[in-house]
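Below is one structure; the comments refer to it alone.
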Amino acid sequence: FTVHVTLQTSSVYLWDSRKESGQLSLKSMELWHNRNESSPARALVLRWHPNDHSVIAAGNSDGSIRLFDMSTKSLTKVPPVEKGVAVADMRWDPASDVYMLVCNEKGAIRLMDVTTMQNVRTYEREAHVQTVSWMGWAPGSFATCNVRTGVVKVWNVSQSKPMEHKRVGHTGFQSCFVIPGTSRAICSFIDGSVSVFDMRKNQREFLTKPGHTETVFACEYSPNNPDVMATSSYDSTIKIWHTGTMSHQSTLVGQSGVIYSMSWSRCGRYLASCSIKGTVFIWDTTSGESLQRLTHHRRQLPVYCVDWCHGGKCLIASTGGDSTLVVFKDDGFICRRYLLPDAMFGCSWHPKDPNILIAGCADSNAYIFNISEPGGRALMHCLAGHERRVFHTSFSPIDSTLVATGSDDCTVRIWNVQVVGDDVSSSDLQGRHPSSDHIDYDIGAFAEVSNSKVVSDCRVLLGHTSNVRPLLWSPEIPHLLLSGSWDGSIRLWDTRLQGAEACISVGRGHLADVYGLSIHPDRPFFVASTSRDTTVRLWVLTGDSSRMLLGAIRDANLDQYMNMPLSGSASVNLNAILKRSESALERCTEIYNFFGGKSGIQEFWACMAHFLCQTEGENNDGICENTKKHILHKNEIVPSALAEAQNLESIKMRRTSMGGGIGGMKKDEQIRAAAELYARAGDLEKYCNIMFDDLGEHERALAVAPGVSMQFWQELSVRYARICAERLSEDSVPFFAASGKADEAVTF
């Protein structure tokens with residue numbers, strides 16, 4: 001009935017779940033340390049005694065263990081395994097009242113008697129150990145796992161070295177816990193996946209897809225592929241996803257700290273990201289390598305936002321807690337640095353003028369700059385009206401005079417501003433060395449901004465009940481805007497209205513703060529969102545879009561089914577295709593791609609194309625371009641499996657495994673996966689050759705070889721017998737005899 005919470009302090013709090021929400025059944029337990037201690041240890045791990053529920057143990061940052069008996073209010077301190085090395089995990093022995101397994105952050109593992117405070121046994125050190133867990137069905141046995149590999153080590157208390165190694169996952173562990181009374185372990189991994197593994201059967205029963213393990217702060221579709229999306233997270237990773245197949249493609253690792261924001265280059269190959277540590281990285285998403293590591297913002301304060309200009313220039317803008325807005329080239333050289341009155345947050349480029357840039361500030365204002373102008377002339381407008389800090393800003397991609405800003409005052413504001421810049425090419429903007437501290441313009445304070453540049457007239461949209469975070473304009477309907485908030489909701493607005501009446505719809509799929517929103521212009525009704533609940537969610541804007549979809553399929557025309565015409569480039573292209581195409585299949589495919597993006601839609605139409613081509617006697621080779629489809633035509637199943645197997649097997653010709661970063665399979669795992677795919681596709685000979693030659697699993701290959709032919713089995717048996725003979729093993733004799741090489745058996 002009681003839950004405990006450990007904080008990054010020396011105090012531990014207890015709640016009784018039977019009490020009303022928020023009511024403490026006990027005072028905070030400040031007895032974890034002596035009040036005379038100058039720097040009390042922090043409680044990192046808490047474990048209730050399995051038999052005496054009045055006793056709780058805390059593993060601390062100084063390596064000590066403290067036992068608190070709530071019935072007697074007594075405190076016992078157990079000395080650390082290694083002084084000053086924090087406890088990583090600990091578990092009471094379920095078969096004993098006094099024994100406890102303890103491991104620390106340097107990999108020391110010990111069995112301790114907490115009554116005598118003595119080490120009963122010390123075990124072989126395991127680097128980067130993360131968790132320990134008793135295996136209840138095997139008395140005296142326990143398991144450990146670490147953050148570097150997906151291998152569980154099985155130990156017995158009587159032996160100092162592990163007895164067995166079990167491969168459970170492809171990446172390191174976050175945690176592993178054996179469910180009491182069963183042989184099943186619940187495992188979570190650093191790639192975000194969760195697995196249920198039967199330790200006794202050595203069998204995985206369940207595995208989720210990889211994902212982020214912490215708050216997902218941002219998401220953005222690749223500009224040249226509506227199926228590819230990047231996300232950045234509190235867990236210090238950037239993940240690349242294929243939304244069409246709902247699959248994780250790769251993980252970019254190396255930038256430390258919380259990654260608040262990222263932005264794609266115009267070509268869709270490179271990615272800029274920024275972190276709480278004050279760095280901006282530029283990544284090559286193809287290789288997974290970081291090309292630039294920049295520290296344009298000073299005092300190691302957070303960089304909150306980064307935005308790549310898609311207007312023909314190789315320029316990137318970033319904003320930070322050092323109150324600066326920095327514009328720089330993709331080689332790191334700085335073009336502009338503006339000093340604002342307070343910390344800077346969201347920034348975004350004008351969609352049509354690559355010289356215009358807007359950024360939100362903690363002084364409750366948003367500032368619009370023309371980077372082609374020198375000095376103080378660069379400031380075009382100051383949008384003043386919010387009552388608290390402005391966190392995100394966004395120009396409308398259709399009507400570029402419209403600007404949206406979101407604030408901690410729970411409002412979204414719509415501004416109408418005229419911005420006209422000069423056509424200055426990126427080569428005209430002279431770059432300064434990345435270490436340059438030169439300030440192009442120092443605003444100083446809001447009071448120093450000329451009244452002629454202050455804009456206060458705006459429409460206020462009301463509905464959010466907490467801080468507003470992401471803002472997203474529709475790329476097709478000029479007046480539609482989406483916003484996310486700390487209240488966990490996503491709101492759709494008609495920006496022609498104001499107040500509460502402007503809210504058209506509210507989405508409440510997330511369980512916590514909403515931080516990111518993204519949409520691809522080619523799919524204007526398909527939205528991605530991210531949240532503190534660690535999930536990425538995909539939404540389809542229904543309503544008019546459903547009616548338009550059905551009408552467009554029937555009459556091959558969009559305009560007559562709209563309350564107002566679509567205004568984006570994608571709808572123009574779609575209408576052109578609908579008018580010129582004589583193929584009903586092509587029209588349906590293009591319409592569904594425009595309105596949707598749901599998993600399996602593209603594969604469905606590919607299957608239809610395959611079927612129609614067969615019916616009409618046409619050749620449809622190359623149908624298996626994408627080997628990871630959710631829906632396959634029956635004639636695609638085997639070719640698709642073979643294509644994927646060949647792709648996996650190609651690792652033998654490369655130095656590194658595919659995917660890179662966290663979540664990628666190791667080389668031998670990819671080769672094994674290729675062999676299994678060959679077997680499922682019916683190519684048993686290929687399976688046997690890989691198992692025999694590449695993985696060295698000779699007996700398994702020999703067991704399957706008769707499925708190819710007896711001659712193949714005999715050839716493989718001779719090869720195996722000769723390998724055994726070279727090792728001087730008598731196992732060679734029966735295989736020589738069985739394969740008709742009795743003379744070699746005699747010679748051996």
Inset, instruction - Provide the closest heavy-atom pair for I398 versus S474 in the form atom of the first, atom of the second, distance. - result: CD1-O, 3.7 Å

Legend entry - Within-4.5 Å side-chain heavy-atom neighbours: V419 and D353: no

Inset, instruction - Please say which of V390, I414, T411, V468 ends up in a side chain to side chain contact (heavy atoms under 4.5 Å, CB included) with T405. - result: V390

Inset, instruction - Using only heavy-atom distances, determine whether the side chains of S394 and S348 contain a donor-acceptor pair under 3.5 Å. - result: no

Inset, instruction - Return the minimal non-hydrogen interatomic distance between G509 and W539, and the atom names on each side. - result: N-CH2, 3.4 Å

Legend entry - Under 3.5 Å: donor-acceptor pair, side chain of T401, backbone of N416: no

Legend entry - Side-chain donor or acceptor of D191 paired with backbone N/O of P210 under 3.5 Å: no

Legend entry - Intermediate values then yes/no, salt bridge (Lys or Arg N to Asp or Glu O under 4.0 Å), D363 and R388: CA-CA 7 Å; D363 70 351; R388 298 182 65 185; over 6 Å; no

Inset, instruction - Output yes when a side-chain donor or acceptor of T530 lies under 3.5 Å from a complementary backbone atom of G516, and no otherwise. - result: yes

Legend entry - S407 versus R389, closest heavy-atom pair with distance: OG-O, 2.9 Å

Inset, instruction - Look at atom CD of E214 and say whether more than 12 heavy atoms of other residues, nucleotides or ligands are closer to it than 6.0 Å. - result: yes

Inset, instruction - Determine the sole option in I504, V412, L492 for which the side chain to side chain contact (heavy atoms under 4.5 Å, CB included) test with L481 is passed. - result: V412

Legend entry - Any side-chain heavy-atom pair of L383 and I368 under 4.5 Å: yes

Inset, instruction - Check for a donor-acceptor pair, side chain of S485 on one end and backbone N or O of N467 on the other, with a separation under 3.5 Å. - result: yes

Inset, instruction - Output all residues satisfying side chain to side chain donor-acceptor pair (under 3.5 Å) with D322, sequence neighbours left out; order by chain, then residue number. - result: H297, T324

Inset, instruction - For the pair L480 and W493, evaluate side-chain contact (heavy atoms from CB on, under 4.5 Å) and give the outcome as yes or no after the intermediate values. - result: CA-CA 6 Å; L480 286 188; W493 308 91; over 6 Å; no

Legend entry - Heavy-atom donor-acceptor pair, S275 side chain to I259 backbone, under 3.5 Å: no

Inset, instruction - Would you give the length of the straight line joining atom NE2 of H242 to atom NE2 of H248, rounded to the nearest 0.5 angstrom? - result: 13.5 Å

Inset, instruction - Kindly compute the distance separating OH (Y304) from SG (C347), expressed to the nearest 0.5 Å. - result: 13.5 Å

Inset, instruction - Give a yes or no on this: more than 12 heavy atoms of other residues, nucleotides or ligands lie within 6.0 Å of atom NZ of K453. - result: yes

Inset, instruction - Could you tell me which non-hydrogen atom of W473 sits nearest to which non-hydrogen atom of P478, and how far apart they are? - result: CZ3-O, 3.5 Å

Legend entry - Any residue meeting salt bridge (Lys or Arg N to Asp or Glu O under 4.0 Å) with R377, in chain and number order, not counting sequence neighbours: E373

Legend entry - T279 versus Q255, side-chain donor and acceptor atoms under 3.5 Å: yes

Legend entry - Short side-chain to backbone donor-acceptor contact, T285 and R269, under 3.5 Å: yes

Inset, instruction - Decide yes or no for Y234 and F217: does some side-chain heavy atom of the first lie under 4.5 Å from some side-chain heavy atom of the second? - result: yes

Inset, instruction - Return the minimal non-hydrogen interatomic distance between R491 and C503, and the atom names on each side. - result: NH1-SG, 3.3 Å

Legend entry - Full working for side-chain contact (heavy atoms from CB on, under 4.5 Å) between C335 and L315: CA-CA 9 Å; C335 299; L315 295 178; 3.9 Å; yes

Legend entry - Note, E476 side chain near F594 side chain (heavy atom, < 4.5 Å): yes

Inset, instruction - Flag the pair D494 and R459 as a salt bridge only when some basic side-chain nitrogen lies within less than 4.0 angstrom of an acidic carboxylate oxygen. - result: no

Inset, instruction - Would you kindly say whether H510 and S529 are connected by a side-chain donor-acceptor distance under 3.5 Å? - result: yes

Inset, instruction - Can you run down the ring pair (Phe, Tyr, Trp, His ring centres under 6.0 Å) pairs that involve residues 380-409, sequence neighbours left out, and say none if there aren't any? - result: F345-F391, H350-F395

Inset, instruction - Look only at the side chain of T243 and the backbone of D227, and say whether a donor-acceptor pair between them is shorter than 3.5 Å. - result: yes

Inset, instruction - Ignoring hydrogens and angles, tell me if any N or O in the side chain of H520 forms a donor-acceptor pair with the backbone of P223 under 3.5 Å. - result: yes

Legend entry - Interatomic distance, H212 atom NE2 to S233 atom OG [nearest 0.5 angstrom]: 5.0 Å

Legend entry - I519 and P475, any side-chain heavy atoms less than 4.5 Å apart: yes

Inset, instruction - Test side-chain contact (heavy atoms from CB on, under 4.5 Å) on R469 and D408 and set out the steps. - result: CA-CA 8 Å; R469 284 299 174 260; D408 287 1; 2.7 Å; yes

Inset, instruction - Using modelled atom types only, decide if a donor and an acceptor are shared between the side chain of D235 and the backbone of T213 within a distance under 3.5 Å. - result: yes

Legend entry - Nearest-0.5 Å distance, OG1 of residue T251 to CH2 of residue W241: 7.5 Å

Inset, instruction - Go through the steps to decide whether D437 and R298 satisfy the test salt bridge (Lys or Arg N to Asp or Glu O under 4.0 Å), and finish with yes or no. - result: CA-CA 9 Å; D437 287 326; R298 303 308 176 200; 2.7 Å; yes

Legend entry - Residue pair C267 / N224: nearest heavy atoms and the distance that separates them: O-ND2, 2.6 Å

Legend entry - Separation between CH2 of W415 and SG of C458, rounded to the nearest 0.5 Å: 4.0 Å

Legend entry - Gap between atom CG of D342 and atom CD1 of I443 - 0.5 Å precision: 12.0 Å

Inset, instruction - If the plane angle is over 60° it's perpendicular, under 30° parallel, otherwise tilted; pick one for F526 and Y221. - result: tilted

Inset, instruction - Before giving the answer on side-chain contact (heavy atoms from CB on, under 4.5 Å), spell out for I316 and I282 the whole-Å C-alpha distance, their side-chain angles and the decisive distance to 0.1 Å. - result: CA-CA 10 Å; I316 303 169; I282 297 179; 3.7 Å; yes

Legend entry - Pairs flagged by salt bridge (charged side-chain N to carboxylate O under 4.0 Å, His left out) wherever residues 501-512 is involved - sequence neighbours left out: none

Inset, instruction - Output all residues satisfying side chain to side chain donor-acceptor pair (under 3.5 Å) with S456, sequence neighbours left out; order by chain, then residue number. - result: none

Inset, instruction - Check whether any side-chain N or O of W349 sits under 3.5 Å from a backbone N or O of H310 as a donor-acceptor pair, and report yes or no. - result: no

Legend entry - Side chain proximity check, F369 to L379, heavy atoms < 4.5 angstrom: yes

Legend entry - Check: Y367 and P341 side chains under 4.5 Å, non-hydrogen atoms: yes

Legend entry - Sequence neighbours excluded, every pair satisfying salt bridge (charged side-chain N to carboxylate O under 4.0 Å, His left out) that has a member inside residues 330-340: none

Legend entry - Sub-4.5 Å side-chain heavy-atom contact between D440 and V327: no

